[in-house]
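Written below as structure tokens is the structure these notes are about.
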Amino acid sequence: MSNALTSTDAPVPPAAGRLGAPLAQMRGLLAQPAVRRAMPLLFLVGLVAAGFLAWSLVSTSPQRILFANVSDADKAAISSALQGASIRSSIDGSGSITVAEDDYHKARMLLASQNLPKAAPGGYQILDQLPMGVSRAVEGERLRQARETELARSIEEIDAVAEARVHLATPEASVFVRDKAVPTASVILKLQPGRALGDAQTRAIVNLVASSVPGMTPESVTIVDQMGALLSKKGNEANSAGDARIDYQRRIEDKYREQLVQLLTPLVGAGNFTAEVQADVDLDENQATRESYDKEGAVLAAEQGAWTGSKDGNAPGGIPGALSNTPPPASTVAAPNAQPTPGAAPAAGTAAGASQATPQKQSDSFSRAYQTGKQVSVTRQAPGGIKRLSVAVLLREEPGKPRSTVEIQQITQLVQAAMGYNPGRADQVTVISRKFTTAADAADKGPAWYEANWVPLAARNATALVIALLVLFLGVRPLTKALLKKREEPAAGNRPALSMGGAAGEEGGHGAPPVSIDMLEGAHNSYDERVGLVRGFTRDNPARAALAVRDMIKADAQ
């Protein structure tokens with residue numbers, strides 16, 4: 001036996017000893033009877049602490065920022081006011097004051113009644129704090145800051161605006177026209193939840209800012225909301241015109257839709273129909289000018305000119321020089337190029353051989369002006385004409401009561417008459433009857449039940465309750481049973497030893513009572529009975545049996 005002990009006590013390598021020493025010490029510590037008896041209690045305490053930590057994390061209401069970026073004096077005053085009202089508050093890493101979400105509105109009202117936080121003076125009050133002897137640059141910056149604050153306060157008076165900030169860029173005045181710069185402004189708005197600014201409100205803010213700064217034009221003002229969307233339409237006339245046209249088309253469609261509602265509501269009842277109108281509107285503006293002349297009906301308005309012919313009406317003739325000394329005949333007045341009267345005798349005194357001739361036109365020059373017809377037509381076609389209408393009407397059909405074809409045709413004719421149906425424009429009107437789904441009715445009932453305010457609180461409490469039950473049934477209950485079982489084992493060990501048959505049954509390992517030291521010392525039975533008691537004691541107390549064997553080995557070695 002000593003040889004076996006010597007072989008088991010062989011030296012351990014240094015590396016293995018260094019690595020296994022902490023683990024061996026830990027196992028030795030956990031193997032001690034006192035520690036093993038205290039392990040269930042320690043485990044129970046750990047489970048209770050874990051359950052309490054989970055409960056505190058789940059049951060605590062989430063924090064919400066009450067005020068951010070406040071001065072230290074305001075932080076102290078706000079903390080004192082909340083502490084006096086029994087409202088728990090804390091300061092996060094960024095320096096913001098936070099409270100529980102359930103106490104947020106209560107804390108806001110409380111601090112508002114006490115005029116907290118005390119805001120720093122703004123607006124034109126800044127000018128009252130200017131010290132004597134400040135430079136012109138500092139005075140100009142203070143004046144600009146005061147103007148920005150006042151403009152922001154004026155913009156915040158609009159219902160849809162929660163907060164506003166204004167930045168003005170005013171260049172230095174210059175005596176040179178070439179170096180003159182126009183001031184500009186930038187406005188950032190934080191709108192109320194669920195609110196939006198209309199075009200009229202945006203233009204009002206632009207004009208308000210532009211009118212408050214000398215030399216600023218509305219085109220120099222830029223407005224941005226908290227989402228980064230550009231609200232002002234500076235330098236975007238094309239989009240503005242497009243938006244105006246879309247608004248005009250929408251107004252026409254709304255007009256026709258209201259007419260349909262007024263027509264069909266008394267007939268089928270409110271909520272028993274739905275109508276949609278699509279209007280194809282001609283939004284183009286046309287201008288034309290036309291001039292025409294009547295060339296066929298020309299009228300002579302004025303004529304000016306002259307013509308030339310022979311000096312007298314006698315044409316030269318006869319023998320040259322025969323009658324050169326004959327006096328001329330008496331002169332007569334005749335129209336130029338006039339034809340001789342038939343049957344008239346020739347004038348007396350006409351020389352023989354000379355013929356009576358009519359005057360001859362040698363040349364003419366005339367300037368004539370004709371009056372012509374002129375027609376000027378100017379046509380301007382204003383936008384807004386409807387090119388085509390498409391109307392769709394859906395009627396509610398009651399279960400088991402389908403609408404007849406005649407009824408649908410009558411409703412179609414009424415809709416056509418109300419909408420100004422024109423086949424020449426290819427207008428289209430469609431009326432059908434179908435069963436309505438309940439999706440719209442469910443949407444009208446309000447938000448879903450899981451969106452109610454009590455759902456998060458109920459979820460936190462239910463989660464905390466489930467954690468507590470898990471700790472109770474999975475941790476506390478098994479440990480309690482184990483402790484009660486260990487208390488019952490020593491009580492059962494005080495029962496009297498069994499007879500030989502009991503020892504034999506114990507040796508078999510079925511239903512044998514525990515064996516104590518007193519039973520071994522007081523046993524005066526046979527050798528077999530004593531061996532059975534030793535076996536039972538070794539089975540019930542292996543640690544004590546090992547210690548006894550060790551003591552025996554040491555005694556034999558000595």
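For the numbers below, each heavy atom of this structure counts, side chains included, while hydrogens, waters and symmetry mates do not.
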*Inspect the surroundings of CZ in Arg144 and state if more than 12 heavy atoms from other residues, nucleotides or ligands are less than 6.0 Å away.*
yes
*Do Ser90 and Thr98 have side-chain N/O donor and acceptor atoms under 3.5 Å apart?*
yes
*Candidate list Val213, Leu189, Leu151, test side chain to side chain contact (heavy atoms under 4.5 Å, CB included), partner Val166, passing option*: Leu151
*side-chain contact (heavy atoms from CB on, under 4.5 Å) between Val161 and Gln201: does it pass, once the steps are laid out?*
CA-CA 10 Å; Val161 179; Gln201 292 175 318; over 6 Å; no
*Any luck finding a side-chain donor-acceptor pair between Glu397 and Ser433 under 3.5 Å?*
yes
*Is it the case that more than 12 heavy atoms not belonging to Arg88 sit under 6.0 Å from its CZ atom?*
no
_Residue pair Arg257, Asp254: steps toward the salt bridge (Lys or Arg N to Asp or Glu O under 4.0 Å) verdict_ = CA-CA 5 Å; Arg257 195 176 294 110; Asp254 293 341; 2.7 Å; yes
*Which atom names give the shortest non-hydrogen contact between Phe67 and Leu111, and what distance separates them?*
CE1-CD1, 3.3 Å
*Check for a donor-acceptor pair, side chain of Lys75 on one end and backbone N or O of Ile91 on the other, with a separation under 3.5 Å.*
no
_If you count heavy atoms of other groups shown closer than 6.0 angstrom to CD of Gln83, is the number above 12?_
no
_Heavy-atom donor-acceptor pair, Asp92 side chain to Gly95 backbone, under 3.5 Å_ = yes
*Classify the side-chain pair Arg147/Thr149 by whether it contains a donor and acceptor separated by less than 3.5 Å.*
no
